[in-house]
Amino acid sequence: MDAANAAQSRSIDRRTIEEIGIPSLVLMENAGLAVVAIARETLGDVVGRTIVIFCGKGNNGGDGLVVARHLHRQGARVRVVLAAPREEFSGDAEVQARIATNLGVPITQVRAADEVAELLAEADLAIDALLGTGTRGEVTGLVGDLIDLLNRSNVPAIAVDIPSGLNAGTGVPCGRCVRAHATVTFGVMKRGLALYPGAALAGRVVLAPIGIPAEAIAAERIGVSLVDAEAAQALLPRRDAWAHKGSAGSVLVVGGSAGMTGAATLVALSVLRAGGGLVRLAVPNSLNDILETKATEAITLPVAETEARSFASEGLRQLVEVADASECVAVGPGLGRHPETARAVLEWLPGVKAPLVLDADALNALADCPEVFGQLQAPAVITPHPGELSRLLGQTVAEIQADRIAAAEEAARRFGVVTVLKGAGTVIADPKGPVFINSTGNAAMASAGMGDVLTGAIAGLVAQGLPVTLAAVLGVYLHGLAGDIATEELGGPGILAGDVQDRLPAAAARLRAGRVPPAVSIRW
């Protein structure tokens with residue numbers, strides 16, 4: 001599902017109106033009717049129910065006035081609150097204000113938020129039509145005060161196109177932002193509704209096409225997609241009835257050090273839970289007995305170690321032939337930061353011919369020597385959290401979180417690798433351009449080891465033959481879906497990485513059977 005920014009949304013609207021010839025007032029009417037439908041779903045019978053509609057002077061306010069007109073005609077007790085003088089309305093918004101006035105819709109212009117506090121306290125529903133997708137700067141003044149008033153109330157709010165005060169491209173609030181019960185967005189999904197914290201502020205998201213043709217959207221070449229169940233299902237590997245462990249793909253996992261054997265174990269077993277056929281787990285020699293106990297389904301390969309019980313240079317040199325015989329090599333979880341280990345990894349990686357999945361301490365080593373990225377022979381996926389990406393890019397975590405798509409794109413372009421920026425609304429960026437936003441997962445997954453499960457899932461999918469970008473997209477989706485299933489079954493917080501790992505097969509089965517609800521409802 002395409003996910004546009006504000007400029008792309010405006011371009012799609014312009015193309016629809018000017019090139020295709022669908023009048024803007026028709027689109028506005030359809031938009032208002034879509035919001036009315038969700039208002040009726042929220043309240044049931046609207047007759048006699050008090051609905052306060054907050055309208056700004058732009059087209060978003062015009063949409064709100066359409067909503068007001070139809071709900072008024074359907075018997076609701078509608079009260080329109082204008083956040084700007086009536087004479088400042090222009091274009092389609094002015095037309096809708098005039099129509100609503102002629103039909104007797106009660107409209108009040110306010111100069112201070114407290115003028116509507118009593119009315120809002122009596123309301124059954126609020127409609128947020130204050131600001132549209134073009135919001136960038138800090139929201140201040142009367143509009144900001146009205147947002148604060150609405151958020152302090154217990155009244156459910158439906159946002160028109162996007163919650164007022166939310167950046168449509170980044171999902172970051174512009175200071176003050178409406179917390180919506182639901183958001184009805186028009187024509188195309190907005191990135192800010194899929195990226196956090198915007199996704200949380202938007203509530204349930206409904207996409208209403210409102211008559212915008214698919215051709216108008218396709219011509220924009222948006223380049224960013226929200227990964228939904230339909231897209232993920234199409235990526236699931238197919239397995240022949242006569243498959244065996246050799247045909248299901250083998251992975252070499254290089255990880256673990258004293259005190260961090262759990263990370264390597266989680267990666268190895270997650271490869272298998274994601275459908276990989278065989279795992280070889282390379283570990284420092286003295287840790288072999290521990291890993292043989294923890295990862296009984298993996299083949300362990302004890303290799304030379306440092307005095308700190310981490311990988312020595314000789315240990316990695318012992319793995320050259322095994323790496324060449326593998327369909328994928330996963331490196332990093334639990335490696336530790338011993339200087340010899342870091343140097344050994346940097347020397348060894350350029351010789352690996354199999355696709356790579358790099359995480360954790362492999363990324364920490366590469367942050368000190370990023371030119372090694374340019375020496376890799378095979379496609380690679382990196383799976384940093386914001387802190388790891390900050391070290392790779394030389395940016396602060398705050399800068400990365402302020403525009404997660406831009407940060408992931410920068411890393412993918414600069415290093416020539418598929419970049420998986422972990423976190424709520426994980427972003428996957430391909431070095432050649434496409435970007436994906438994940439739609440699964442939940443806050444109960446905020447516990448140690450989750451990233452190791454993800455690394456293993458992606459590596460397992462690469463081993464089964466998926467190109468690295470598609471393996472990353474599907475691996476992230478299944479990882480989040482397994483977390484959702486674990487939370488369904490166990491509650492949360494308190495979900496462990498192992499709980500998610502164990503449910504990877506169930507996630508794939510549910511996805512294959514088409515039993516995953518849509519990330520975004522579509523109202524035709």
Side-chain angles (χ1 to χ4, degrees), residues 225 227 232 235 237 249-255 263-264 266-268 270-271 273-276 279 323 326-333 335 345 348-350 352-367 370 372-386 388-389 391-393 404-405 407-423 426-438 441 450-480 504:
S225 302
V227 183
L235 300 179
S250 66
V251 175
L252 170 63
V253 176
V254 182
L266 286 167
V267 175
S270 296
V271 169
R273 289 294 192 186
V279 175
S326 302
E327 276 74 43
C328 183
V329 178
V331 186
L335 272 181
V345 167
W348 185 72
L349 286 176
V352 176
K353 298 174 184 176
L356 289 158
V357 181
L358 304 172
D359 188 22
D361 289 322
L363 299 181
N364 290 326
L366 286 161
V372 171
F373 280 114
Q375 301 167 15
L376 299 180
Q377 294 189 52
V381 180
I382 62 172
T383 60
H385 56 58
E388 290 162 342
L389 192 59
R391 292 189 284 277
L392 284 165
L393 293 180
R404 287 170 55 82
I405 287 178
E409 286 180 314
E410 170 64 18
R413 283 194 302 265
R414 187 188 300 185
F415 305 127
V417 296
V418 177
T419 299
V420 175
L421 176 53
K422 295 183 290 196
T426 292
V427 176
I428 305 102
D430 182 280
K432 295 183 179 178
V435 176
F436 306 87
I437 305 169
N438 188 51
M450 290 293 174
D452 303 318
V453 175
L454 176 61
T455 294
I458 294 172
L461 292 167
V462 172
Q464 292 173 75
L466 282 183
V468 290
T469 300
L470 300 184
V473 170
L474 180 59
V476 170
Y477 187 92
L478 289 175
H479 178 257
L504 286 171

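Hydrogens, waters and symmetry mates play no part in the numbers below; they use all other heavy atoms, side chains included.
- The two residues Cys328 and Ala463 come nearest to each other via the heavy atoms CB-N, 4.3 Å.
- Within the 4.5 Å cutoff, the side chain of Val254 has no heavy atoms near those of the Val345 side chain.
- Asp452 meets the salt bridge (Lys or Arg N to Asp or Glu O under 4.0 Å) test with no other residue; sequence neighbours excluded.
- Shown here for Ala362 and Val331, the closest heavy-atom pair between the two residues is CB-O, 3.5 Å.
- Within the model, atoms OG1 of Thr419 and CG of Leu358 stand 10.5 Å from one another, a figure rounded to the nearest 0.5 Å.
- Taking the salt bridge (Lys or Arg N to Asp or Glu O under 4.0 Å) definition, one finds that Arg404 meets it with nothing, sequence neighbours left out.
- Of the inter-residue distances, the one linking Leu335 atom CG with Asn364 atom CG reads 10.0 Å to the nearest 0.5 angstrom.
- Between Lys422 and Thr383 there is a side-chain heavy-atom pair separated by less than 4.5 Å.
- Of all non-hydrogen atoms in Pro333 and Val267, the two that sit nearest each other are CG-CG2, 3.5 Å.
- At a threshold of 4.5 Å between non-hydrogen side-chain atoms, the residues Val418 and Pro431 count as touching.
- Among residues two or more places apart in sequence or in another chain, the side chain to side chain contact (heavy atoms under 4.5 Å, CB included) test is passed with Ala365 by Ala342, Leu346.
- Side chains of Val357 and Asp359 form no contact here, defined as non-hydrogen atoms less than 4.5 Å apart.
- In this view, Thr469 and Asp430 satisfy the side chain to side chain donor-acceptor pair (under 3.5 Å) rule, not counting sequence neighbours.
- If you take CD1 on Ile458 and CD1 on Ile428, they are separated by 8.0 Å, rounding to the nearest 0.5 Å.
- Atom-to-atom distance recorded for Glu388:CD and Leu366:CG is 11.0 Å, nearest 0.5 angstrom.
- Proximity of Pro386 to Leu421: side-chain heavy atoms (C-beta onward) are separated by under 4.5 Å at one or more points.
- Looking at residues two or more places apart in sequence or on another chain, you find a side chain to side chain contact (heavy atoms under 4.5 Å, CB included) between Pro237 and Leu461, Gln464, Leu466, Leu474.
- Residues that satisfy the side chain to side chain contact (heavy atoms under 4.5 Å, CB included) test with Gln377, not counting sequence neighbours, are Lys353.
- With sequence neighbours excluded, no residue forms a side chain to side chain donor-acceptor pair (under 3.5 Å) with Glu409.
- Scanning all heavy atoms of the two residues, the minimum distance from Val427 to Ala408 falls at CG1-CB, 3.7 Å.
- Across all their heavy atoms, Val435 and Ala429 have their closest contact at CG2-CB, 4.2 Å.
- Contact detail for Ala360 and Gly332: the closest heavy-atom pair is CB-O, 3.7 Å.
- Inter-residue side-chain proximity for Val476 and Leu454 is flagged as met; some heavy-atom pair is nearer than 4.5 Å.
- Residues that satisfy the side chain to side chain contact (heavy atoms under 4.5 Å, CB included) test with Ala367, not counting sequence neighbours, are Arg391, Leu392.
- No side-chain heavy atom of Ser270 sits under 4.5 Å from any side-chain heavy atom of Thr455.
- Shown here are the salt bridge (Lys or Arg N to Asp or Glu O under 4.0 Å) partners of Arg413, two or more places apart in sequence or in another chain: Glu410.
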- Message: Determine whether Val329 and Leu349 satisfy the following criterion, side chain to side chain contact (heavy atoms under 4.5 Å, CB included), listing intermediate values before the conclusion.
- Response: CA-CA 10 Å; Val329 178; Leu349 286 176; over 6 Å; no
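- Between Phe415 and Leu393 the shortest side-chain heavy-atom distance falls below 4.5 Å.
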